[in-house]
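Here the structure is laid out as structure tokens; the discussion comes afterwards.
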Amino acid sequence: MGIQEPIIRSYDGVADRGRVEDLERRCEVGPSERVFLFTDTMGDPICRIRNSPMHKMLVAELDNQLVGVIQGSIKLVTFHPNKPPPKDQAKVGYLLGLRVSPQYRRKGIGSSLVRRLEEWFVCNDVDYAYMATEKDNQASAGLFMNKFGYIKFRTPAILVNPVRYRPCRVSSGVEIAKLRIEEAEYLYRKCMASTEFFSHDIDKVLGNKLSLGTWVAYPRGDGLRVGDFGSNGDEVVPSNWAMLSVWNSGELFNLRLGKAPLSCLMYAKSWKLMDRFLPCFKLLPSMPDFFTPFGFYFMYGLHHEGPSSGKLVRNLCRFVHNMAANSSSEYSSKNCKVVVTEVGGGDPVKHYIPHWKLLSCSEDLWCIKPLKNDSLHELTKTHPTKSLFVDPREV
């Protein structure tokens with residue numbers, strides 16, 4: 001008897017929602033020997049791609065059961081930073097959320113899902129397909145690199161900072177102000193348009209309801225007002241300044257830790273006991289409870305200029321932490337337990353971003369594949385850049 005082929009089709013929001021959520025609950029994210037997370041999509045399985053310009057979700061059925069899913073999105077980005085517009089841009093397809101039911105793995109279901117999603121990319125004139133995974137996730141990396149011809153492309157750093165009781169100190173010598181959406185768009189297009197993977201629909205990202213805003217930081221006393229940043233096309237910016245935007249990922253989906261290193265477990269349990277019996281220790285940094293569902297803020301579009309701008313980045317990050325921790329803030333989220341960002345592996349800005357090494361990933365792995373015959377030569381000529389724009393819609 002031959003091997004039964006799975007049925008691959010588009011996701012049906014009515015018929016498939018419950019079954020996809022059940023599959024998500026049974027699938028871990030992350031290498032099992034170290035840590036894994038469970039995802040709660042809060043009733044919307046396509047929440048991670050819904051805000052992308054083009055998106056698709058495929059499901060696999062076998063033996064009348066839903067046994068696998070994959071998601072994909074398409075957008076236009078800056079891909080060749082050293083070329084003049086429009087030759088600097090490319091249409092890229094992002095593969096994410098590949099899940100196969102544990103008892104149906106190693107039956108070719110994951111491969112079938114990837115192949116069909118790549119076909120959708122080709123039909124939509126996509127130049128490159130790419131995916132992201134943990135660098136030590138050998139199963140995922142092996143599938144894409146060995147079977148589908150993806151190559152290692154970039155190794156960004158994922159930096160995670162827990163939201164704690166005690167507010168972080170923001171320097172009194174730093175002015176922090178919120179930009180209007182049109183001001184933020186002007187600055188991003190002016191300063192980051194040539195950054196690798198910069199989203200050309202940045203106006204849609206900034207205008208999304210999940211984007212809480214964009215803030216700039218500059219030395220107090222420079223005589224500038226927030227309106228001076230990009231107002232009416234003005235070129236007025238201080239010699240040292242920094243900016244970032246914040247995306248409320250917790251409104252889309254929650255995470256829950258299912259397994260963690262012994263050191264992490266011991267640390268969390270110790271702080272639980274101290275919080276209970278020694279309340280005075282709440283003034284010290286503590287480990288949030290990651291074993292119950294939690295949301296997070298994602299900082300994106302980090303940019304800084306000037307010899308002292310790294311310190312401004314650090315103060316902006318502290319400001320965002322306090323924004324998440326302050327229950328009376330208009331931006332507060334009751335289950336926001338971490339602030340996350342992702343930056344280029346060689347970007348020196350990562351040294352100024354507060355984070356816990358225990359929770360962070362120093363090397364995420366991005367793999368890429370050209371979908372057009374004339375793209376391979378261009379890909380091999382592309383050298384890593386320090387800066388990298390990470391779209392919050394794809395976190």
Side-chain angles (χ1 to χ4, degrees), residues 159 161-193 195 198 202-203 205-208 210-248 285 297-333 336 338-343 347-355 386-387 389-390 392:
L159 308 177
N161 193 35
V163 175
R164 304 183 293 272
Y165 293 107
R166 188 179 183 182
C168 295
R169 179 181 175 275
V170 177
S171 172
S172 59
V174 174
E175 186 77 39
I176 294 178
K178 186 178 181 180
L179 297 178
R180 298 194 303 271
I181 292 178
E182 57 270 25
E183 293 172 332
E185 181 189 353
Y186 168 82
L187 280 178
Y188 276 123
R189 294 196 186 279
K190 175 178 181 291
C191 302
M192 295 193 73
T195 300
F198 177 77
I202 186 64
D203 55 319
V205 179
L206 296 170
N208 192 290
L210 297 173
S211 189
L212 300 181
T214 302
W215 285 266
V216 291
Y218 52 93
R220 192 180 297 275
D222 266 17
L224 291 176
R225 299 166 300 173
V226 64
D228 293 329
F229 282 89
S231 176
N232 300 318
D234 289 341
E235 299 292 326
V236 180
V237 291
S239 56
N240 287 286
W241 68 284
M243 72 172 173
L244 59 75
S245 299
V246 182
W247 184 271
N248 187 6
Y297 283 173
F298 185 79
M299 301 186 299
Y300 69 98
L302 275 76
H303 179 77
H304 63 109
E305 295 181 7
S308 302
S309 57
K311 296 179 180 178
L312 298 174
V313 170
R314 182 180 293 123
N315 278 277
L316 273 175
C317 292
R318 291 173 176 172
F319 171 81
V320 174
H321 169 275
N322 295 347
M323 187 171 76
N326 183 3
S327 59
S328 62
S329 167
E330 62 178 305
Y331 308 108
S332 65
S333 178
C336 179
V338 291
V339 176
V340 183
T341 192
E342 188 168 8
V343 297
D347 194 336
V349 73
K350 65 184 180 182
H351 301 298
Y352 297 98
I353 299 173
H355 64 280
K386 289 184 178 179
S387 298
F389 186 90
V390 178

- request: Write down the atom of Met192, the atom of Gly301, and the distance for their closest heavy-atom approach.
  value: SD-O, 3.9 Å
- prompt: Any donor and acceptor pair, going by atom type alone, linking the side chain of His351 with main-chain N or O of Val349 inside 3.5 Å?
  reply: no
- line: With sequence neighbours left out, the residues meeting side-chain contact (heavy atoms from CB on, under 4.5 Å) with Ile181 are Leu206
Contact summary for Trp247 and Val205, nearest pair of heavy atoms: CZ3-O, 3.6 Å
- prompt: Does Pro167 offer a backbone N or O that forms a donor-acceptor pair with the side chain of Asn322 under 3.5 Å?
  reply: no
message: Show the nearest heavy-atom pair for residues Asn240 and Pro307, with the distance to one decimal.
response: OD1-N, 3.0 Å
message: Taking the side chain as everything from C-beta on, heavy atoms only, tell me whether Val246 gets closer than 4.5 Å to Met323.
response: yes
- line: Between the CG atom in Leu244 and the SG atom in Cys317, the distance rounded to the nearest 0.5 Å is 6.0 Å
Shortest non-hydrogen contact from Ala242 toward Val313: CB-CG2, 3.8 Å
query: Taking the side chain from Arg318 and the backbone from Cys168, do they hold a donor-acceptor pair closer than 3.5 Å?
result: no
query: Thr341: what forms a side chain to side chain donor-acceptor pair (under 3.5 Å) with it, not counting sequence neighbours?
result: none
query: Looking at Phe298 and Val390, what are the two nearest heavy atoms and their distance?
result: CZ-CG1, 3.8 Å
field: Rounded distance (nearest 0.5 Å) linking atom CG of Leu302 with atom OG of Ser387
entry: 10.0 Å
message: If I compare all heavy atoms of Leu316 with all of Ala217, which pair ends up nearest, and what's the gap?
response: CG-CB, 3.6 Å
field: Backbone N/O of Val339 and side chain of Asn161: donor-acceptor pair under 3.5 Å
entry: no
message: Apply side-chain contact (heavy atoms from CB on, under 4.5 Å) to residues Met299 and Ser245 and explain how you reach the verdict.
response: CA-CA 6 Å; Met299 301 186 299; Ser245 299; over 6 Å; no
- request: Say whether, by atom type as modelled, one donor and one acceptor occur between the side chain of Arg314 and the main chain of Pro354 under 3.5 angstrom.
  value: no
Which residues share a ring pair (Phe, Tyr, Trp, His ring centres under 6.0 Å) with Phe198, sequence neighbours left out: Phe389
field: Heavy-atom side-chain contact between Arg189 and Ile202 under 4.5 Å
entry: yes
- prompt: So does Lys311 have more than 12 non-hydrogen atoms from other groups sitting under 6.0 Å from NZ?
  reply: no
message: Listing request: all ring-ring contact (aromatic ring centres under 6.0 Å, His included) pairs with a residue in residues 300-325, at least two apart in sequence or in separate chains.
response: Trp215-Phe319, Trp241-His303
- line: The reported gap from OG1 in Thr214 to CD in Glu183 (rounded to nearest 0.5 angstrom) is 10.0 Å
- prompt: Would you say the side chains of Tyr218 and Ser239 form a donor-acceptor pair under 3.5 Å?
  reply: no
message: As an exercise, state the distance from CD1 of Ile176 to CZ of Arg220, rounded to the nearest 0.5 Å.
response: 8.5 Å
field: Note, Pro219 side chain near Leu312 side chain (heavy atom, < 4.5 Å)
entry: yes
